[in-house]
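This report refers to the structure that appears directly beneath it.
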Amino acid sequence: MTATLQADEEFDEVLDDSFEERADHVEENVIKSGTATGDHFDEIVRILCARGLVLLVGPRGCGKTHLMRYAWLKCVEDPVRPFCVYTSLNRYLSLEPLSRVRTDANGLFHSWVLARLLEGAQDTFRRVGGQGDYDIGAEFDAAPGQMSKLVQALERNFQLDSADEMLHRALSVEKVKTILADLAVRSGRTRTVLLLDDAALTLSPAFMTEFLDILRVIKSQEIAPKCSIYPGTTVFGTRFHADHEGRTISAWTAPDTPGYGAMMHTIAEHRYPEGLAGIPPEAQALLQHAAFGIPRAYLTLLRSLQAAKPTKPGMGSAVTKIIRTHRDNRIREFRSLGEKVVELKTLIRVGEKFFDGIVAAMSARNEELKEKRHKATVLGIDTEEFDPLSSRMVDLLAEAGLLYREEDVSHGRGRTYRRFIPHLAALIAERAFSPGDRGTSLANIVDFISRPNEKHPVRRHFTTLFAAQGISETLKLDLPPCQNCQTPRSGEKQKFCQNCGSKLVDELIYNRIMGMEIKVVPGLTDFLIRRVEGANIKSVGALRALQDPGTELRKMRGIAQARSDRILSKVEAYVDEMMS
């Protein structure tokens, strides 16, 4: 077999569409039949359907979207439940370029959110037996389909025509509240729940402020918004107090929660039963620990192991290799935060070394515990050591799923410690649970992880962890360089570059994502990258800018329709992930 053909086949395997891990792309019948029930998930669904504002918190892949879509479907099918509207705000960053051409960019974002809500409300109304020809735009004297046309125009940065502008000016929170109340009554429901997915908006503080203003006005006794956000990095500003406005619940299941393994196994049985075939129990258990409470991660790990097709003697090495790759991918995702937001680069760079220091400390402690019947997975840092920048750094690690924060605990003498569990895949990859063991006995590693934690966490100071990793940098928020000559800025208020004299403009995060090279998109082989780049399509934005990208891809040798469709879906999924 030639190298090209081999790469071709690898490409087909990588882009196998038989299984979908992201809940926003999963078919509804899979959501309904493939949801693991139990005390934790059942309680979250109950809260999502109840009254009051709720913030659903957790890193990517922990199940926020799945739980929201499941709650929405349950409400649609049960006439006793509330009138439930689901919509995703994951495209919010595509509106960012409007700030360069419109002075009312925040107002356009405001209208976009309301239009997305109304589109979701129309969908729900039709599903629960409403008028088949009902078009919500008629409530604003707009033409049929005008609401969707406005949404698409805003997301694609098209110039708004007169009909778009009229609808934009007519949209208001009070009008939307009236429509929602009317649709609920006409559907035989007594109240309304709004499920607002991907509502963190962490990459656009201005949009987040506008969104929180909408939340404050739209919530009422009869309208209950529920928003999925990221842990700690969602900036609420000074006018929104999360604890006062509503309640916060976590969708992230701690890896040491009782029944954790059974929950993960049930999810796999429902979503990817073929992934369990031929996988011994100890391998399944280790992959469950390595998933670190993230269902999507467990499904991905199972899929990778099935693709590897290891023999029985090679099972141990195959599993540990896959876990190391998973660890590397989590670190890469953490680094991507710095690529998207320039001001976070130092926090991300230092945060990675800080995380390495935690893993090293845990490995050393478990070496000391190898002859005992306990393990160490919990780190404690005195709360007095945290300042805004160190807290932000730790929160970013939590957003990437690398640190799980437990409840703060007092340890005498008036001291309170923040407690964290580092990602178990990183500990497994560094052999923290197999000290002195030269082999790769999965059963031995699982047995070590199953030990109870020692009574007290491994206590460390920031200075100790920094020194151990050779960290001498001072935590700071970075400023974007000159866009013309890349000279670093000297201060926040600087208007012109001290090197070339160019006027300094903050770079749009949207443009930075569009400028990322096509080779960074996960799932694309070297063979495919050479084909695409050979056609002078170097960046993600260049591919998306083509008028008919599918046709252009099919012009390349060896790329037919099925492959072009798969390539475009991978690129779109990557863009959605980066923008959320």
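Position 1 is the first residue of the sequence, and the numbers go up from there.
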Please report the closest heavy-atom contact between [X] and [Y], naming both atoms and the distance.
X      : Y      : value
Phe334 : Gly351 : CE2-C, 3.9 Å
Ala291 : Leu301 : N-CD1, 3.9 Å
Cys62  : Pro59  : SG-O, 3.2 Å
Leu389 : Leu347 : O-CD2, 3.9 Å
Gln469 : Ala360 : NE2-CB, 4.3 Å
Leu344 : Leu337 : CD1-O, 4.3 Å

[Y] and [X] side chains, donor-acceptor separation under 3.5 Å:
X      : Y      : answer
Gln284 : His265 : yes
Tyr230 : Glu399 : no
Thr87  : Glu119 : no

For a 4.5 angstrom cut-off between non-hydrogen side-chain atoms, does [X] reach [Y]?
X      : Y      : value
Leu568 : Leu553 : yes
Ile471 : Leu465 : no
Ile428 : Arg327 : no
Ile421 : Asp256 : yes
Leu299 : Arg296 : no
Met68  : Ser228 : yes
Leu194 : Leu117 : yes
Thr266 : His270 : yes

Give a yes or no on whether the backbone of [Y] and the side-chain of [X] come within a donor-acceptor separation of less than 3.5 Å.
X      : Y      : result
Arg303 : Gly275 : no
Asp197 : Asn90  : no
Lys375 : Ile449 : yes
Lys64  : Gly58  : yes
Glu155 : Tyr92  : no
Lys345 : Gly338 : no
Ser441 : Asn444 : yes
Ser450 : Val446 : yes

Please lay out, stage by stage, how Glu430 and Arg324 fare under the test salt bridge (charged side-chain N to carboxylate O under 4.0 Å, His left out).
-> CA-CA 9 Å; Glu430 292 301 314; Arg324 289 192 190 98; over 6 Å; no
Angle class for the Phe109/Phe207 ring planes (parallel below 30°, perpendicular above 60°, tilted otherwise)?
->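 If you compare the ring of Phe109 with that of Phe207, the planes turn out parallel.
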Give me the ring orientation class for Trp252 and Tyr404: parallel if the planes are under 30° apart, tilted from 30 to 60°, perpendicular past 60°.
->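 Perpendicular: the ring planes of Trp252 and Tyr404 meet at over 60°.
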Could you please spell out the steps behind the salt bridge (charged side-chain N to carboxylate O under 4.0 Å, His left out) verdict for Glu352 and Arg335?
-> CA-CA 8 Å; Glu352 182 178 343; Arg335 291 172 184 162; 2.7 Å; yes
Apply the test salt bridge (charged side-chain N to carboxylate O under 4.0 Å, His left out) to residues Glu473 and Arg349: give CA-CA distance (whole Å), side-chain angles for both, the deciding distance (0.1 Å), then the verdict.
-> CA-CA 10 Å; Glu473 290 184 84; Arg349 185 168 56 250; 2.8 Å; yes
For the rings on His326 and His423, is their centre-to-centre separation under 6.0 Å?
->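 Yes, close enough.
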Taking everything shown except Lys321 itself, do over 12 heavy atoms lie less than 6.0 Å from its NZ?
->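 At most 12 heavy atoms, drawn from other residues, nucleotides or ligands, come within 6.0 Å of this atom.
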Gap between atom OG1 of Thr300 and atom OH of Tyr272 - 0.5 Å precision |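 Reported to 0.5 Å precision, the distance equals 10.0 Å.
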Qualifying residue for side-chain contact (heavy atoms from CB on, under 4.5 Å) with Tyr298, from Met264, His289, Met263, Arg271 |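 The option that passes is Met264.
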